[in-house]
2 protein chains.
Amino acid sequence: MSTPLESTSLTKRLTDSGLRPTPQREVVFKAILQKRNHPTADEIFARVKAQMPTISLATVYNCLETLVQCGLVRQVNIERAPTRYCPNLHEHAHFHDETTGEIHDIDVPAELLAKLRALLPPGYDASSVELSFRGKAGPETN
Amino acid sequence: MSTPLESTSLTKRLTDSGLRPTPQREVVFKAILQKRNHPTADEIFARVKAQMPTISLATVYNCLETLVQCGLVRQVNIERAPTRYCPNLHEHAHFHDETTGEIHDIDVPAELLAKLRALLPPGYDASSVELSFRGKAGPETN
DNA sequence: AACCATATTAGAACAATTCTAATTCCTACT
DNA sequence: AGTAGGAATTAGAATTGTTCTAATATGGTT
């Protein structure tokens with residue numbers, strides 16, 4: 001009973017990646033599962049301190065990074081880089097090139113954009129839609 | 001010749017919104033148009049200082065905000081709030097409720113996701129796709 | 001020309017995150 | 001079981017992008 005299902009799968013994931021299963025990582029993971037919302041690192045820190053008062057915010061960040069690496073948690077707002085401004089006013093998507101750090105515009109047909117908006121439940125009114133890709137651009141030069 | 005087309009349209013937009021056309025705003029706007037990429041505020045600051053060495057970074061931020069308000073410039077990475085983590089691992093979009101600040105998950109059919117990926121030019125390989133809406137959720141409670 | 005709201009400025013403040021260096025903890029090996 | 005050694009944790013400082021503050025300057029209107 002000291003090893004519930006959740007922690008075994010966590011332990012497995014960690015060891016499979018050559019990482020150590022530590023109490024901190026377990027507690028952080030459970031704190032995220034606790035409520036099905038989208039907590040910030042600070043919120044997770046608060047939840048976790050209740051059970052483990054000695055844990056530090058830096059550790060929470062470290063654990064989160066580990067969990068994201070293992071694919072156990074997703075990061076919603078990856079973009080911590082500075083805000084960027086663009087003069088291209090018509091609706092378009094962005095491709096963030098991971099190797100160069102550059103951002104390229106991607107055209108999105110209006111028809112497809114409409115389909116995206118149609119995903120929203122009734123009553124939801126989106127004032128903006130942001131679509132961004134992240135990855136490697138091919139070697140073809142221009 | 002001291003009032004090229006670009007600045008007249010800028011002036012018009014500003015005055016239409018009850019805002020003043022100032023040299024700083026003009027210079028910032030031109031700096032963004034100068035190159036068709038996605039500069040950060042710092043980069044714009046650097047470009048601008050060449051012509052107007054006395055301008056301050058705060059002003060650049062102010063001008064950018066104004067230009068975004070007027071719809072002359074788009075902000076790419078609006079999300080300045082802290083990174084959020086979510087345990088929902090299958091592909092989904094997010095809806096940022098502007099009134100409550102909450103984030104709701106939106107399901108995206110795999111078929112539609114495939115269509116989005118298909119927008120990328122050949123050679124582009126996206127490791128992640130992020131789709132987020134921003135707006136007001138309806139009044140229906142749950 | 002004077003007024004007054006609006007803009008600009010420099011620098012301090014802030015918030016989220018990362019870094020640093022010291023300590024502690026797991027795990028593997030005897 | 002004991003211990004070496006690398007990995008993880010910790011507290012606090014540092015960093016970064018952005019916003020705030022309070023004083024000064026400016027532009028457009030009367």
Legend entry - Thr59(B) side-chain N/O to Ile55(B) backbone N/O, donor-acceptor pair under 3.5 Å: no

Inset, instruction - Would you please confirm or rule out a distance under 4.0 Å between OP1 or OP2 of dT18(C) and any side-chain N or O of Tyr61(A)? - result: no

Inset, instruction - For Thr54(B), answer base if it contacts any base atom (sugar-phosphate contacts may also be present), sugar-phosphate if it contacts only those atoms, and nothing otherwise; contact means non-hydrogen atoms under 4.0 Å. - result: sugar-phosphate

Inset, instruction - Can you tell me the distance, in whole Å, between the CZ atom of Phe45(B) and the P atom of dT16(D)? - result: 16 Å

Inset, instruction - Could you state the atom-to-atom distance from NZ of Lys49(B) to P of dT8(C) in whole Å? - result: 17 Å

Inset, instruction - Could you tell me whether Thr59(A) contacts a base, only the sugar-phosphate backbone, or nothing, with contacts defined as non-hydrogen atoms closer than 4.0 Å? - result: base

Legend entry - Nearest-angstrom distance from the residue atom CZ of Arg25(B) to P of dG28(D): 11 Å

Inset, instruction - Calculate the interatomic distance between Glu43(B) atom CD and dT16(D) atom P; express it in whole Å. - result: 15 Å

Inset, instruction - Taking only the side-chain heavy atoms of Arg20(B) (C-beta and beyond), determine which of dT18(D), dA16(C), dA7(C) contains the nearest atom. - result: dA7(C)

Legend entry - Between C1' of dT9(C) and CE of Met52(B), the distance in whole Å: 13 Å

Inset, instruction - Could you give me the CA-CA distance, side-chain angles and deciding distance for Leu116(B) and Leu116(A), then say whether side-chain contact (heavy atoms from CB on, under 4.5 Å) is met? - result: CA-CA 10 Å; Leu116(B) 293 179; Leu116(A) 294 178; 4.0 Å; yes

Inset, instruction - Using atom types as modelled and distance alone, determine if a side-chain donor or acceptor of Arg25(B) lies under 3.5 Å from a backbone N or O of Arg20(B). - result: yes

Inset, instruction - Could you tell me the separation between the CG atom of Leu19(A) and the P atom of dA7(D), rounded to a whole number of Å? - result: 10 Å

Legend entry - Among dC20(D), dG12(D), dT27(C), the one nearest Ala58(A) by side-chain distance: dG12(D)

Inset, instruction - Quickly work out the Asn62(A) CG to dT24(C) C1' distance and round it to whole Å. - result: 14 Å

Legend entry - Arg47(B) with Glu43(B): basic N within carboxylate O range, under 4.0 Å: no

Inset, instruction - Just compare dT10(D), dG17(D), dT9(D) and give me whichever is closest to any side-chain atom of Asp42(B). - result: dG17(D)

Inset, instruction - Have a look at Leu57(A) and say if it touches a base, only the backbone sugar-phosphate, or nothing, with a 4.0 Å heavy-atom cut-off. - result: base

Legend entry - Backbone of Ala126(B) reached by a side-chain donor or acceptor of Arg117(B) within 3.5 Å: yes

Legend entry - Value in whole Å for how far the P atom of dC26(C) lies from CG of Leu14(A): 13 Å

Legend entry - Nearest-nucleotide pick for Ile55(A), side chain only, options being dT10(D), dT8(C), dT18(D): dT10(D)

Inset, instruction - May I ask you to verify if any side-chain N or O of Gln24(B) is less than 4.0 angstrom from the OP1 or OP2 atom of dT26(D)? - result: no

Inset, instruction - Compare side-chain N and O positions of Thr22(B) against OP1 and OP2 of dT8(C) and report whether any pair is under 4.0 Å apart. - result: yes

